[in-house]
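Presented below is the structure to which this report refers.
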Amino acid sequence: MRITIIGTGYVGLTTGVCLAGVGHEVICVDVQRGRVDAINRGASPFYEPGLDEMLAASLADGRLRATTELAESVAASEVTLIAVGTPQRPDGQIDLSYIAAAARDVGAALRGAGGYRVVAVKSTVVPGTTDTLVRSLVEEASGMAAGDFGLCMNPEFLREGSAVYDFNSPDRIVIGQWDEKSGRTMAKMYESFDCPKIFTTLRNAEMIKYASNSLLATLISFSNEIAALCEATPGTDVEDVLAGVHLDRRLSPNVEGRRVRPEILSFLRAGCGFGGSCLPKDVNALRAYARERSVEPHVLDAVLAVNSERPAQLVRMAEEALGTLEGATVAVMGLAFKPGTDDLRESPSLPVIRLLSEKGAAVKTYDPMFTREPPDLRVGDGVGFCGTAEESLRGADAALVVTGWPEFAEADWASLCGLMRRKVIIDGRNVLRGVSWSAGVTYMPVGQAPA
């Protein structure tokens with residue numbers, strides 16, 4: 001099939017590269033000329049494991065190209081996917097301005113193009129967006145009615161750091177359809193994928209995405225609330241507590257005599273909170289959507305309240321261990337919101353750095369993903385960016401591990417601690433539990449009361 005994808009962020013570009021990889025002809029559209037040129041050179045604008053290799057292959061075999069020319073791309077395609085950003089407004093509501101602009105442009109491109117084409121929303125949007133805002137704008141700009149063109153909502157379930165794998169090995173494909181013809185056309189795009197395919201209403205498809213992300217966020221915050229209780233209860237350890245919870249057969253069943261540990265258990269782990277471009281934004285958007293409909297989102301409110309508290313808890317642990325943060329030097333280990341990505345959006349490292357600075361600490365940062373200071377690291381003056389773990393820890397009074405990079409667990413901590421002035425390690429991801437600490441080191445994981 002000939003497919004146009006509008007937007008070349010994590011979702012748009014990954015989707016385009018992977019669809020090209022299964023034989024479709026894909027055009028990726030973006031308004032930024034520099035971004036388009038980089039993609040056509042084979043340079044992805046963000047880090048995602050495996051993506052650069054697949055992008056190079058798709059460009060080489062002519063299955064994919066990038067352009068700024070939206071109208072001609074849409075007119076030449078059977079399916080157009082809208083994969084633009086849906087950022088959060090200051091009031092927590094979803095900002096649909098990019099969706100609206102894309103819908104207008106797609107509609108204008110369809111005017112007079114002839115033939116049947118499907119317009120599908122890939123971006124995460126609140127229920128009712130596709131069949132009202134998008135439909136009306138496409139209809140107005142095209143002079144056509146829905147039915148003359150197809151209309152679908154096709155949410156993505158891609159995790160940063162494993163997005164290529166998730167797309168190529170999906171656990172489900174959800175197709176919200178205006179009518180059966182829309183869904184049938186959209187399904188052709190996924191013929192080669194062997195997984196459950198759900199055909200449902202447009203609004204169900206929109207809600208499935210929000211419900212999925214909100215569940216994951218809830219599991220994380222539940223785990224962190226248990227961690228907070230363990231931190232206030234001597235003799236308890238959240239790792240042991242949740243390990244016992246994991247063994248419930250409804251969470252990790254025995255199948256033919258073998259214990260199966262589903263990936264969902266990775267969200268039932270304590271830490272210093274979730275971040276990224278999806279979970280905080282989507283939970284907030286669903287809360288705002290609920291209140292618009294006079295529903296009080298008590299659980300979702302609590303999810304975000306617990307999450308916002310975890311970075312502050314790391315800082316409190318450091319302050320209690322050192323006595324004061326005023327004049328102390330603290331190394332923040334990890335900037336990205338999770339391993340396997342270079343995404344700083346809503347990362348817990350940012351409030352940790354801000355709080356440390358407010359309390360008078362000198363902060364040094366390090367993340368193995370960044371060889372130079374990331375342009376999105378907006379944490380104010382007085383924060384030092386370091387290119388190595390050794391540089392960040394030299395002369396430090398404490399180290400706060402905020403991102404669970406495997407490199408941190410595998411590091412030579414005996415040598416690293418030897419560089420520190422005071423040897424206080426706050427493990428915000430519990431990734432250093434297996435390290436053998438030498439005398440004089442104060443190691444504090446999350447989810448344990450201080451000894």
Side-chain angles (χ1 to χ4, degrees), residues 1-20 22-32 35-36 39 58 63-86 96-125 129-156 167 173-179 181-191 202 205-206 209:
M1 296 182 72
R2 296 183 303 279
I3 301 163
T4 286
I5 300 176
I6 301 172
T8 60
Y10 278 92
V11 173
L13 185 58
T14 301
T15 297
V17 167
C18 291
L19 286 174
V22 297
H24 297 298
E25 298 176 26
V26 179
I27 306 172
C28 291
V29 178
D30 202 286
V31 296
Q32 300 179 52
R35 195 177 185 95
V36 164
I39 291 169
S58 297
R63 292 285 185 184
L64 181 141
R65 65 183 176 88
T67 182
T68 58
E69 300 299 325
L70 182 146
E72 66 181 38
S73 302
V74 171
S77 298
E78 299 161 80
V79 174
T80 294
L81 301 178
I82 297 175
V84 297
T86 52
L96 294 172
S97 58
Y98 298 113
I99 292 285
R104 288 190 196 95
D105 290 344
V106 169
L110 292 179
R111 181 179 285 273
Y116 180 82
R117 290 168 173 79
V118 170
V119 179
V121 175
K122 195 75 173 170
S123 306
T124 301
V125 294
T129 301
T130 305
D131 66 347
T132 57
L133 177 70
V134 173
R135 177 185 60 80
S136 63
L137 291 174
V138 174
E139 287 182 337
E140 179 183 351
S142 68
M144 303 161 64
D148 298 328
F149 63 87
L151 186 63
C152 287
M153 200 284 156
N154 176 218
E156 52 82 19
F167 193 98
I173 292 170
V174 176
I175 297 175
Q177 56 188 22
W178 173 261
D179 54 20
K181 185 177 181 181
S182 302
R184 285 196 305 270
T185 304
M186 193 74 180
K188 288 172 57 181
M189 194 173 77
Y190 292 114
E191 277 182 344
L202 295 168
E206 291 162 334
K209 170 64 177 181

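Residue numbers run from 1 in the order of the sequence given.
- Between the side chains of Glu206 and Thr129, no donor N or O sits under 3.5 Å from an acceptor N or O.
- Among all heavy-atom pairs drawn from Cys152 and Ser182, the shortest one is SG-O, 3.5 Å.
- To the nearest 0.5 Å, the span separating CG on Leu19 from CD1 on Ile3 amounts to 4.5 Å.
- Contact record, Ala113 with Ala109: CB-O, 3.7 Å, taken as the closest heavy-atom pair.
- The distance from the CD1 atom of Ile6 to the OG atom of Ser123 is 9.5 Å, given to the nearest 0.5 Å.
- Two residues are said to be in side-chain contact when any heavy atoms from C-beta on lie closer than 4.5 Å; His24 and Met189 meet this criterion.
- Side-chain contact between Tyr10 and Glu156 is absent, with no heavy atoms from C-beta onward closer than 4.5 Å.
- Taking Arg63 as the reference, nothing meets the side chain to side chain donor-acceptor pair (under 3.5 Å) condition, with sequence neighbours excluded.
- Of all non-hydrogen atoms in Pro155 and Lys122, the two that sit nearest each other are O-NZ, 4.0 Å.
- None of Leu64, Val36, Leu81 except one satisfies the side chain to side chain contact (heavy atoms under 4.5 Å, CB included) rule with Cys28; the exception is Leu64.
- In this structure, the side chains of Val79 and Met1 come closer than 4.5 Å at one or more pairs of heavy atoms.
- In terms of the side chain to side chain donor-acceptor pair (under 3.5 Å) criterion, Thr80 has no residue partners (sequence neighbours excluded).
- Here side chain to side chain donor-acceptor pair (under 3.5 Å) pairs that include residues 133-144, with residues two or more places apart or in two chains, are Arg135-Glu139.
- Checked against side chain to side chain donor-acceptor pair (under 3.5 Å), Asp30 has the following partners two or more places apart in sequence or in another chain: Thr8.
- No side-chain heavy atom of Val118 sits under 4.5 Å from any side-chain heavy atom of Glu78.
- Residues Lys209 and Met153 fail the side-chain proximity criterion, which asks for heavy atoms closer than 4.5 Å.
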Using the rule given for side chain to side chain contact (heavy atoms under 4.5 Å, CB included), can you reason through Thr130 versus Val119, listing the C-alpha separation, both sets of side-chain angles and the distance that settles it, and then say yes or no? CA-CA 10 Å; Thr130 305; Val119 179; over 6 Å; no
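- Interatomic distance, OH of Tyr190 versus CD1 of Ile175, reported as 6.5 Å (0.5 Å rounding).
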Side-chain donor-acceptor distances from residues 96-108 under 3.5 Å, at least two apart:
from: Ser97; atom 1: OG; to: Asp95; atom 2: OD1; distance (Å): 2.8

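- Considering all non-hydrogen atoms of both residues, Val26 and Ala20 come closest at CG2-N, 3.7 Å.
- The two residues Phe167 and Cys18 make their nearest non-hydrogen contact at CD2-CB, 3.2 Å.
- Taking the side chain to side chain donor-acceptor pair (under 3.5 Å) definition, one finds that Ser77 meets it with Thr4, sequence neighbours left out.
- Atom-to-atom distance recorded for Thr185:OG1 and Arg117:CZ is 12.0 Å, nearest 0.5 angstrom.
- Of all heavy-atom pairs between Phe149 and Tyr116, the closest is C-CE1, 3.8 Å.
- Using a 4.5 Å heavy-atom threshold, the side chains of Thr68 and Arg35 count as separate.
- The shortest side-chain heavy-atom distance between Leu70 and Val31 does not fall under the 4.5 Å cut-off.
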